[in-house]
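In each ligand, atom 1 is the first atom listed, and ligand 1 is the first ligand listed.
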Amino acid sequence: MTRGRTLNFWAALALVPALVGCGSGVPAPSPLATQGVTDAMIAAGNGDEWLTYGGGYDEQRFSPLTQITDKNVGQLGLAWSADMDTARGQEATPLMHDGTLYVSTAWSMVKAYDAKTGALKWSFDPEVPRETLAHVCCDAVNRGVALYGNKVYVAALDGRLIAIDQKTGKQVWSTKAVPDQKNYAITGAPRIAKGKVLIGSAGAEYKARGSIAAFDAETGKELWRWHTVPGNPADGFENDAMERAAKTWAGKWWEVGGGGTVWDSITYDPASDMVYFGTGNAEPWNPDVMSRGDGDALYTSSIVALNASTGEYAWHFQETPEDRWDFDSDAQITLADLTIDGKPRRVVMHAPKNGFFYVLDARTGAFLSGKPFAMVNWAKGLDPKTGRPDILPEARYEKTGGVFIGLPGLYGAHTWHPMSFSPKTGLVYIPTNNTAMAYKAAENFEITDIGGQMGLDFGAVAMPADAKVRSDVKAATTGALMAWDPVAQKEVWRVDYPGPSNGGTLATAGNLVFQGTAGGEFRAYAADRGTPLWSFPVQTGIIAAPMTYAIDGEQYVAILAGWGGLWDIFSGVLASNSGPPRNISRLLVFKLGANGKLPPAPPMNAMVLDPPAFTGTAAQVAQGGNLFSRYCSGCHGDAAVAGAINPDLRHSGAIASADAIKSIVVDGALKHNGMVSFKSAVKPADAEAIRHYLIKRANEDKALEMAARK
Ligand code: CA
C-alpha cells in the first residue's frame, strides 16, 4: 500500500497535521463532402471515429467499440508508428475522421496521417517564435486539435487560433486569441459548440487576466469573451459577475492580471447549450503580494458554466478559495448521467489538483459530494452542504512565515492528464499523483515590469530546502491509476506506480482501460477489476492519453508517446522514481494480430555529476537561488534538477566559466534553442550569483550520489 507507507512517512515527520485523507459501432451515414464534421456527428459519438477532444462532448473518453476486449487484448500488436520531428513534450490526443488521424505535437505543429497505414498526408507548422517559451511554465506542448466542417483548428503556443483545411493542411484563417503574446500562451485543445470555436489560455504565473472566448468557425471573428477575474474597477465592469467577483479581491490585483486562466478543460453540453470550464490559480499566489487579501479571489480555481451562445454567466463553483498553492481547477470536466440517492442526475465530475473528487449538479452547479482521492493536508475536509474546504491555518504559509509542506503540491493530485469514465462499470479512471511541495512566502518580493514576462511571479518560493527533505519528498512521491466510484465516492481498485505523471486513460466497452506509464509502457487493464492484461514497451515515458477508432471493421488504439511538460521540470526530483524519462516523440498505433517492431532504442545517458569546486559566497547562493527559482526553474527544474528535455545545469560545462554563463543568460548566445537573453531581468552580477548557486547545488548532489554508491 503505497499510500499507507507514504502517509506514515509524513506522519513520522510530523508534517501532516491533518489527513483527509454509446454508440453501436455501426458506421454513421457518410457525410456530404462539403459538409464535413457536423454538430450531429460529434453529438452522436459514433464509435468508429474520434471527432473531438475527450472523445465526445461529455469528455468521458469512453469508446463503445468492442472488437478489442479483456479476452483478446493479449493479441494487440504494433500496426504502425511515426516519429515526430521534435523532441519536446507530447501531450496530445489524436482525432480520427474519414480515415485520417490528426495529431498536434510540440510547438503547436499538426500532422495528418492515413489512419490505416500511417502514411503522412500533410504537416502544418505555425512557426511559433521560439522565444515564446520564455513565458510558458511547462514546455512547448499542445494537447489537441478540433475538427468542424472541413477544417482543423489548432491553438498555437503564441496565442493564435488557426483554422487549417482538412484535406490540404493549408491555413485558412488565423486570429489572435489572447490580449498579448508576452504573458499569455495556449496549450489546450479548442472546443466546438454550434459553429463556435472556444478557447482560453495559460499564463496565471505571469501577468495574465484569464478569459475564455468564442470565435466563428468559418471566419475566425471573435463573438464573445468572458473574463474569469475582474479588471480595474475604475474602468467599469464588463458584467454583474465581474462586479460580484471584485468584492472578493483587495489591493491592486489587476496590475498583475489576477490569473484564473482557462488553460485546459472546456466541456460543452449540447442539451443545455452550456459550456463548462476550469480556471487556474490566483495571480500572484501569495495573497500578501499586491495585497490581494484573504478573499476568495473569484473566479479563480473554480468551475464556471456559461451559456455557450451568448457567453453569459450561468453558475460557478469554487473548489479552492484564496488559492495560494497553485491548485488550478483546469483539469478535465466530465459530464455523466448518474443515479444518486435513487434519482437520475446530470452531473459534472471533477478531480482537480487540490486532491478532492467533486460531483456537482450540471444545471445548477450545486455541490452533491466530494471526497479526497489522494493525500490532502491543506484542508480538514469539505463542508457537506456547500463543498467549501475548511482550510488549515498552517497551510496559509504567508501568515505563518514558515515552510508549508503541502500535499498535494503544485504538481497536483491530478491535472491535465485525461481521466476517463465508463458508463458500463460506473468508474472514473484517474491518473493520480501523490506529491508534496514546500511553500514559503518570498522575502522582499517585488513585482517588476519584466517579472511577469520573463519570470514566475509567485510571490512565494517552492523551497528546494535541504538535501534530506528533497530526498524524502522524492521517496514519498508516487503515482497510481485509480478506479474511483463517483457515486459512493470511494476507490474501487488501484494500480500503484513508482512515480507520478503517468499518461491519460481511455475506457472501452471491451472492459478495458488503456494507459501509458511514465516508466515507458503502454498498458491495458480490466476495467472492472484492474487486472493487468497487456503491455508494450515504448522506449520512452508516456504522459498523453490514448484514443481508439475503427476502419474497415478493424479497431485501432493510438497513443502519442514522449515525455515532457511540467513533469519534465521536476522529473529529476520526482518522476525519476519511474526510471530515466528518455524522450522519444512518436505516434504508435495498435491493432489485434499486428506484430510491428520499433527501431532499436538509443542508449540512456547516465550522467555522473562532476562540477567545479564551489568558490562563491553564501550571499551569492541565496541570491542565485532566488533568481533561479524565478527565472530558470520553469525550464531547468526545481532545485536545478532538470528532466529529459531542457539541460540539467548541474551537469553543464558552462557553469565553470563566468563568461560562458554571462554570454548565455545575459547576451542570449543560445537564443536559437529557445534560451533567450534575460538581460532585462538578470544583470551580469545576477548571472554570476546563479552560477555559484548551480555549482553549490551540483556539489551537494554529487556528495549524495557518492554516499549512495558506498
Ligand atoms: Ca497554475
**OP:** Taking both backbone and side-chain atoms into account, decide whether Thr261 has an N/O/S atom under 3.0 Å from the Ca ion (ligand 1).
**Re:** no

Original post:
Mind checking whether the Ca ion (ligand 1) has an N, O or S of Asp328 under 3.0 Å?
Top reply: yes

Subject >> Side-chain H-bond candidate by donor/acceptor type, Asn142 with Thr187, under 3.5 Å >> reply: no

Original post:
Are Asp328 and Lys353 within salt-bridge range, i.e. N to O under 4.0 Å?
Top reply: yes

**OP:** Assess the pair Phe327 and Trp378: is the distance between their ring centroids shorter than 6.0 Å?
**Re:** yes

Subject >> Flag, side chain of Trp249 to backbone of Val229, donor-acceptor distance under 3.5 Å >> reply: no

Original post:
the Ca ion (ligand 1) as vertex, arms to OD1 of Asn281 and OD1 of Asp326: angle to 10°?
Top reply: 80°

Subject >> Atom of Glu205 nearest the Ca ion (ligand 1) (restricted to N/O/S, atom name only) >> reply: OE2

